Amino acid sequence: MLKIATWNVNSLRIRLPQVLDWAKKFKPDILALQETKVTDDKFPLEAIQAAGYHAAFSGEKAYNGVALLSRLQASDIITDLPEEPQRRFLGATYANNLRVLNVYVPNGTAADSEKYHFKLNWLKKLQDYARDSLKDYPRLIVLGDFNIASEDRDVHDAWDSDLLVSPPERAALEDLVNLGLRDTFRLFKQAPKSFSWWDHRGGAFWRNRGARIDLILASTALNCTACVIDKAPRRLKRPSDHAPVMASFKTTR
DNA sequence: ATGGTAGTTTGACTA
């Protein structure tokens, strides 16, 4: 069995103890992190290696930043989408030609804002990249913080903004999935009001005012056997605003 | 009520 997880940690340096504790408990083979908020020269590689993980990472100062922790060494590491300086994308290949694309999709700030259009443009680049990737890698996983809630059940009832739920955002995600991917969380029976992110403000977590925006998309060639959100780290002191999501896959032999 | 909290580039930005 292969376990692959994603977690927007909102600063890896602050969250490192929580990340290492979580990895020790759940033993993911691959853990994709977003919003590491650390430049590559300050990436906490030694502590991660001491915990038994390799790491590929692409960071910048203060914002964004992505990393892939893995039990086995990665190959063919790619850190760039075309003409995209922000560190939001990381591709790597693992055993059996499994290709993993870790993404931190732009938030968008407000529908129809400049950042919103940047988000849609970024998603178009991702779609183009994923389409090409599927040609070379039938076994493809695209995971991370998508900053989009696919359906109305993926956002709490009091959500009063267009952001995360606007038709163009949802269409962009649907187009990506329709390349030949599946939202692994929805392959299984799940509790109602299952979310992966809750705003730090207004006690959103304790009122379960969240959204499910952290996704593990897997190509149909992969045999997914489970996908769960672990809310426990969100209850810790000084939590990330996101919870980790983990999917299990049957290993081919 | 344009609030509230958290993180990073100390203070304005991003989320």
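In what follows, chains are A, B, ... by sequence order, proteins preceding strands, each numbered from 1. What you see is a predicted model; the values in this text were computed from it and never measured.
- Cation-pi contact between A:R235 and A:F205: absent, since separation from the ring centre below 6.0 Å together with deviation from the ring axis within 45° is not met.
- B:dG4 and B:dT9 are spaced 24 Å apart, taking the P atom of each and rounding to whole Å.
- Distance A:E35 CD to B:dT5 C1': 14 Å, rounded to the nearest Å.
- The CH2-C1' distance, from A:W159 to B:dG4, rounds to 14 Å in whole Å.
- No donor-acceptor contact under 3.5 angstrom links the side chains of A:N97 and A:R139, judged on distance only.
- With hydrogens and angles left out, the side chain of A:Y63 and the base of B:dT8 share no donor-acceptor pair within 3.5 Å.
- Distances shown here put every side-chain N or O of A:R15 at or beyond 4.0 Å from the OP1 or OP2 atom of B:dA6.
- Atom C1' of nucleotide B:dC13 and atom CZ of A:F118 are separated by 15 Å, given to the nearest angstrom.
- Rounded to an integer number of Å, the gap from CG of A:L16 to P of B:dT8 is 12 Å.
- Residue A:H200 is the one, among A:H200 and A:T109, whose nearest nucleotide of DNA chain B lies closer to the 5' end (criterion: closest heavy atom).
- Considering only side-chain atoms of A:K115, the nucleotide from B:dG4, B:dT14, B:dG7 that sits closest is B:dT14.
- B:dC13 and B:dA1 are spaced 23 Å apart, taking the C1' atom of each and rounding to whole Å.
- Considering only side-chain atoms of A:R201, the nucleotide from B:dT9, B:dG4, B:dT8 that sits closest is B:dG4.
- Counting non-hydrogen atoms under 4.0 angstrom, A:Y104 reaches the backbone sugars and phosphates but no base.
- At B:dA6, none of the side-chain N or O atoms of A:S240 fall inside 4.0 Å of OP1 or OP2 (strictly under the cut-off).
- For the pair A:E60 CD and B:dA15 P, the interatomic distance rounds to 11 Å; values are reported in whole Å.
- What separates CG of A:D214 from P of B:dA15 is a distance of 14 Å, to the nearest Å.
- Going from the C1' atom of B:dA15 to that of B:dT2 covers 16 Å, rounded to whole Å.
- In this model, a donor atom of one side chain and an acceptor atom of the other lie less than 3.5 Å apart for A:Q34 and A:T6.
- The separation between A:D241 atom CG and B:dT5 atom C1' is 9 Å, rounded to whole Å.
- In this structure A:F26 satisfies the ring-ring contact (aromatic ring centres under 6.0 Å, His included) test together with A:W22, sequence neighbours excluded.
- Judged by the 6.0 Å and 45° rule, A:R88 forms a cation-pi pair with A:Y104.
- If A:P239 and A:D160 are placed on DNA chain B by their nearest nucleotide, the residue sitting closer to the 5' end is A:D160.
- With rounding to whole Å, A:Q34 atom CD is found 17 Å from B:dG7 atom P.
- At the phosphate of B:dG4, neither OP1 nor OP2 sits under 4.0 Å from any side-chain N or O atom of A:R207.
- Across the C1' atoms, B:dA6 and B:dG11 are found 14 Å apart, a figure rounded to whole Å.
- At least one side-chain nitrogen or oxygen of A:R238 sits closer than 4.0 Å to the OP1 or OP2 atom of B:dG7.
- Side chains of A:Y116 and A:S166: a donor-acceptor N/O pair is present below 3.5 angstrom, by distance only.
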